[in-house]
**Student:** 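Below you will find the structure I want to go over with you.
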Amino acid sequence: MKLKKVIFWILAVVISLAAMVYQRLTGPTYPKDCTITYTGVEYDFNLPRSHGGDTDCSLELDLPEPIEGKVIWRRFPTEDPWDTIVMVRSEGVLTASLPHQPPAGKIEYQLALSANGESINQGAQEHVVVRYKGSVPAWALIPHVLLMVLTVIWSTAVVFFALANMPAYKRQIGFTLIFLILGGFILGPIVQKYSFGQFWTGWPLGSDLTDNKVVFALVPFLAAWFLREKPYGRWLAILAAVVMLAVYLIPHSLNGSELDPETGEVVTGSLLIPGILLIPGIRKKFM
């Protein structure tokens, strides 16, 4: 019995961490990986799609001379005229800074690279969009992240304990709810306030998918907790845990807070059913 529990917890940790890594790497704020070829040699670099704090957003490209670069940018989503920043070489690295924007403000930009007066082919590269956010204090961010990690681990453990019909699954439902409420509904809004100036932009006040995902995950777990003693209780617990895992497979920060450049208000996109965002073609539209 002890060995079985250990195996269950190991599986829960591995599956949970894999889901969270996938969520982060596929999100629209994860740096965009780029590759160019110059004189037969490939050079890799990444471009930021998220920037926090009160400073400009720095771009640094470790590319050799005589490569030069320009950054063509404008506020997003607008029809503003495009502006150009000439990149400066400092200690062998090409650098430029995109101007600071208010929390939830966005800039779309693209690189133009050249060497000896000739353009360097970057392939069919789309514009990159970087979203700005305020500084979040460590006392709020660290426990928020930790509690959300514990939430998905304990939720995944529910599946294995319930499938094995071990009564401990009921206790894991309780822990999952505690972690979710503390991390998602108490610390989560605090982090959101520091990042984008509003405590809550999900249902019923808005349609921020990040906030709505938390609600979407909470409802089945509440049902599983209150109906845990029913004959079908363990199957309801398994369903709640599967929903939680599905929520964590949705890329982080999709359809999140966005500043309306005209009104200065933080808005979000339309409310979407989380499941459909797992379809690559649909997900790309919102990234």
Side-chain angles (χ1 to χ4, degrees), residues 21-38 42-64 67-90 92-115 119-136 195-196 208-210 250-262 266-269 272 277 279-287:
V21 169
Y22 171 83
Q23 180 201 59
R24 177 62 63 176
L25 295 182
T26 55
T29 58
Y30 192 76
K32 182 177 179 63
D33 295 326
C34 303
T35 301
I36 64 167
T37 301
Y38 177 65
E42 285 192 350
Y43 296 93
D44 299 321
F45 57 90
N46 58 61
L47 299 174
R49 295 194 289 181
S50 178
H51 180 70
D54 300 323
T55 61
D56 294 342
C57 177
S58 297
L59 278 64
E60 296 184 356
L61 310 181
D62 189 6
L63 300 175
I67 295 178
E68 300 175 331
K70 295 179 180 178
V71 183
I72 302 166
W73 70 277
R74 69 180 176 186
R75 292 184 305 162
F76 180 88
T78 71
E79 295 299 325
D80 290 353
W82 293 95
D83 204 346
T84 301
I85 301 172
V86 177
M87 302 192 78
V88 177
R89 186 170 291 278
S90 175
V93 178
L94 286 175
T95 64
S97 295
L98 292 169
H100 177 70
Q101 301 294 305
K106 294 182 178 180
I107 281 179
E108 60 177 319
Y109 67 98
Q110 188 175 38
L111 293 182
L113 300 177
S114 63
S119 297
I120 295 176
N121 182 16
Q122 299 177 67
Q125 299 237 4
E126 300 178 352
H127 291 159
V128 179
V129 176
V130 55
R131 180 172 67 163
Y132 291 74
K133 59 184 179 180
S135 296
V136 182
S195 296
F196 304 116
D208 187 316
L209 185 58
T210 301
I250 299 172
H252 188 68
S253 296
L254 261 179
N255 208 38
S257 299
E258 180 178 293
L259 182 74
D260 185 329
E262 302 301 324
V266 176
V267 297
T268 52
L272 299 169
L277 292 175
I279 303 174
I282 295 178
R283 184 177 70 226
K284 183 178 179 182
K285 179 180 177 183
F286 295 92
M287 292 175 64

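As the structure is a computational prediction, the values presented were derived from the model and not from experiment. FYI, side chains are in, hydrogens and waters are out, and symmetry mates aren't considered; it's all heavy atoms of this structure.
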**Student:** Quick one: does F76's side chain get under 4.5 Å of V130's, heavy atoms only?
**Tutor:**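 Side-chain contact under 4.5 Å: no.
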**Student:** Heavy atoms, side chains only, cut-off 4.5 Å: are L111 and V71 in contact?
**Tutor:**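 Side-chain contact under 4.5 Å: yes.
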**Student:** Does any part of the side chain of F45, heavy atoms only, come nearer than 4.5 Å to the side chain of V93, both counted from C-beta?
**Tutor:**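 Heavy-atom side-chain distance check fails, nothing below 4.5 Å.
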**Student:** Quick check for you: to the nearest 0.5 Å, what is the distance between L61 atom CG and C34 atom SG?
**Tutor:**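 Output value for this atom pair is 8.5 Å.
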**Student:** Listed by chain and number, what are the side chain to side chain donor-acceptor pair (under 3.5 Å) partners of Q110, not counting sequence neighbours?
**Tutor:**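 Once residues adjacent in sequence are excluded, the partners of Q110 under the side chain to side chain donor-acceptor pair (under 3.5 Å) criterion are H127.
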**Student:** With sequence neighbours excluded, tell me which residues meet side chain to side chain contact (heavy atoms under 4.5 Å, CB included) with A112.
**Tutor:**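 Once residues adjacent in sequence are excluded, the partners of A112 under the side chain to side chain contact (heavy atoms under 4.5 Å, CB included) criterion are K70, I72.
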**Student:** Compare every heavy atom of A104 with every heavy atom of F196, then report the nearest pair and how far apart it is.
**Tutor:**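 Smallest heavy-atom distance, with atoms named: CD2-N, 3.5 Å.
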**Student:** When rounded to the nearest 0.5 angstrom, what is the spacing between NZ in K106 and NE2 in H51?
**Tutor:**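 K106 NZ to H51 NE2: 16.0 Å, rounded to 0.5 Å.
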**Student:** Taking the side chain from Q101 and the backbone from I107, do they hold a donor-acceptor pair closer than 3.5 Å?
**Tutor:**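 No: the side chain of Q101 does not pair with the backbone of I107.
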**Student:** Partners of D44 by side chain to side chain donor-acceptor pair (under 3.5 Å), sequence neighbours excluded?
**Tutor:**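 Expected list: T35.
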**Student:** Going from CG on N46 to CG on D62, what distance comes out if it is rounded to the nearest 0.5 angstrom?
**Tutor:**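 Reported value, rounded in 0.5 Å steps: 11.0 Å.
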**Student:** Just how far is it from atom CG of L63 to atom OH of Y38, taken to the nearest 0.5 Å?
**Tutor:**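 Between L63 CG and Y38 OH, I get 10.5 Å after rounding to 0.5 Å.
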**Student:** Taking only residues two or more places apart in sequence, or in another chain, which ones meet E68 in a side chain to side chain donor-acceptor pair (under 3.5 Å)?
**Tutor:**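 Scan of E68 (side chain to side chain donor-acceptor pair (under 3.5 Å), adjacent residues dropped) gives none.
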**Student:** Excluding sequence neighbours, so at least two apart, what forms salt bridge (charged side-chain N to carboxylate O under 4.0 Å, His left out) with R75?
**Tutor:**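 Only D80 meet the salt bridge (charged side-chain N to carboxylate O under 4.0 Å, His left out) criterion with R75.
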**Student:** Check the surroundings of atom OH in Y30: do more than 12 heavy atoms from other residues, nucleotides or ligands lie under 6.0 Å from it?
**Tutor:**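 Count not over threshold, so no.
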**Student:** Considering all heavy atoms of both residues, which atom of R89 and which atom of P64 are nearest to each other, and what is their separation?
**Tutor:**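 Looking at all heavy atoms of both residues, the closest pair is NH2-O, 3.4 Å.
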**Student:** Side chains of P48 and P31, heavy atoms from C-beta outward: is any pair under 4.5 Å?
**Tutor:**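 No. Closest side-chain heavy atoms not under 4.5 Å.
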**Student:** Measure across W73 and P99 and return the closest heavy-atom pair with its distance rounded to 0.1 Å.
**Tutor:**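 What the structure gives for the nearest pair is CH2-CG, 3.4 Å.
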**Student:** Of all heavy-atom pairs between S97 and S58, which one has the smallest distance, and what is that distance?
**Tutor:**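 Where S97 meets S58 most closely, the heavy atoms are OG-OG, 4.0 Å.
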**Student:** Hey, does R74 have a side-chain heavy atom less than 4.5 Å from the side chain of E108?
**Tutor:**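 Sidechains of R74 and E108: in contact.
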**Student:** Starting at OH of Y109, measure out to CD1 of I85 and round the result to the nearest 0.5 Å.
**Tutor:**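 So the OH of Y109 and the CD1 of I85 are separated by 11.0 Å.
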**Student:** Residues in side chain to side chain donor-acceptor pair (under 3.5 Å) with H100, at least two apart?
**Tutor:**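 Once residues adjacent in sequence are excluded, H100 has no partner under the side chain to side chain donor-acceptor pair (under 3.5 Å) criterion.
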**Student:** Just verifying a value: how many Å separate L94 CG and L59 CG, rounded to the nearest 0.5 Å?
**Tutor:**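 Reported to 0.5 Å precision, the distance equals 10.5 Å.
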